[in-house]
S.K.: 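Before anything else, here's the structure in question.
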Amino acid sequence: MKIKVLLFLLSIAFTSNAFASTNEHITATKMIKTDSLLRHTVFFKFKEGTTPEQIKKVEDAFSALPSKIEQIKGYEWGLNNSPEGLNKGFTHAFFLTFESEEDRAIYLPHPDHKAFGAVLTPYLEDVFVVDYWTQE
């Protein structure tokens with residue numbers, strides 16, 4: 001009788017351990033998605049004849065967005081300095097971080113983002129945008 005009880009308890013322990021491992025794997029998988037960040041990268045090519053003052057106005061307007069739109073969790077920008085000559089005239093790179101697609105969906109039609117577009121449009125020749133979820 002004691003052996004049957006012991007075997008029964010051992011089988012319960014093994015079964016619950018198997019489920020615990022499965023739950024840990026599921027949790028780890030969810031954490032990867034939760035820990036991922038949505039990157040929104042934007043590259044600008046300005047029209048020929050756009051002055052440095054006009055470009056500065058665009059840079060300042062874009063740089064003001066993180067203080068106006070709370071869904072932007074990270075922001076940086078810079079000028080192309082690649083020696084390869086493959087930028088196809090795109091000179092400015094802007095890098096925004098969002099925690100979710102929902103946050104990006106709020107940002108895109110946001111009135112402050114639209115107002116930035118009004119500042120940019122007269123000087124913009126072309127724009128290139130890539131969004132992606134970060135990977136390790």
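Count residues from 1 along the sequence.
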S.K.: If every non-hydrogen atom of L108 is compared with every non-hydrogen atom of H113, which pair is closest and at what distance?
M.R.: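 Minimum heavy-atom contact is O-ND1, 2.7 Å.
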
S.K.: When rounded to the nearest 0.5 angstrom, what distance separates CZ in F44 from CG in L79?
M.R.: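 If we round to the nearest 0.5 Å, F44:CZ and L79:CG are 12.5 Å apart.
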
S.K.: So how far is it from S63 OG to W77 CH2, rounded to the nearest 0.5 Å?
M.R.: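 Answer rounded to 0.5 Å: 6.0 Å.
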
S.K.: Quick check: is I69 connected to F62 through a chain of hydrophobic side chains (ILVMFWY, heavy atoms under 4.5 Å apart)?
M.R.: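 Result: yes, single cluster for both.
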
S.K.: Decide yes or no for F116 and V58: does some side-chain heavy atom of the first lie under 4.5 Å from some side-chain heavy atom of the second?
M.R.: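 They are in contact (side-chain heavy atoms under 4.5 Å apart), so the answer is yes.
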
S.K.: Do any side-chain atoms of residues 88-97 form donor-acceptor pairs under 3.5 angstrom with protein atoms, and if so which ones, sequence neighbours left out?
M.R.:
unit_1: H92; atom_1: NE2; unit_2: E59; atom_2: OE2; d: 2.8
unit_1: T97; atom_1: OG1; unit_2: R39; atom_2: NH1; d: 2.6

S.K.: Counting distance only, does the side-chain N/O of S36 pair as donor-acceptor with the main-chain N or O of W133 below 3.5 Å?
M.R.: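 Such a contact is absent between S36 side chain and W133 backbone.
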
S.K.: Which atom names give the shortest non-hydrogen contact between V42 and H40, and what distance separates them?
M.R.: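 For V42 and H40, the tightest heavy-atom pair comes out as CG2-NE2, 3.4 Å.
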
S.K.: Where is the tightest heavy-atom contact between S100 and D103, given as atom of each residue plus distance?
M.R.: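 Of all heavy-atom pairs spanning S100 and D103, the closest is OG-N, 3.0 Å.
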
S.K.: Atom CG of L38 and atom OH of Y107: how far apart are they, to the nearest 0.5 Å?
M.R.: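 It is 11.5 Å, given to the nearest 0.5 Å.
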
S.K.: Measure the shortest side-chain to side-chain distance between I72 and L65 over non-hydrogen atoms and say whether it is less than 4.5 angstrom.
M.R.: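 Contact flag for I72/L65 side chains = yes.
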
S.K.: In a table with atom names and distances, give each donor-acceptor pair under 3.5 Å that connects a side chain of residues 120-130 to protein atoms at least two apart or in another chain.
M.R.:
unit_1: T121; atom_1: OG1; unit_2: G117; atom_2: O; d: 2.6
unit_1: Y123; atom_1: OH; unit_2: K57; atom_2: NZ; d: 3.4

S.K.: How about I106 and F98: do any of their side-chain heavy atoms sit closer than 4.5 Å?
M.R.: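 Not touching, per the 4.5 Å side-chain cut-off.
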
S.K.: Report the distance from atom CD of E102 to atom CD of E99, rounding to the nearest 0.5 Å.
M.R.: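 Going from the CD atom of E102 to the CD atom of E99 covers 11.0 Å.
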
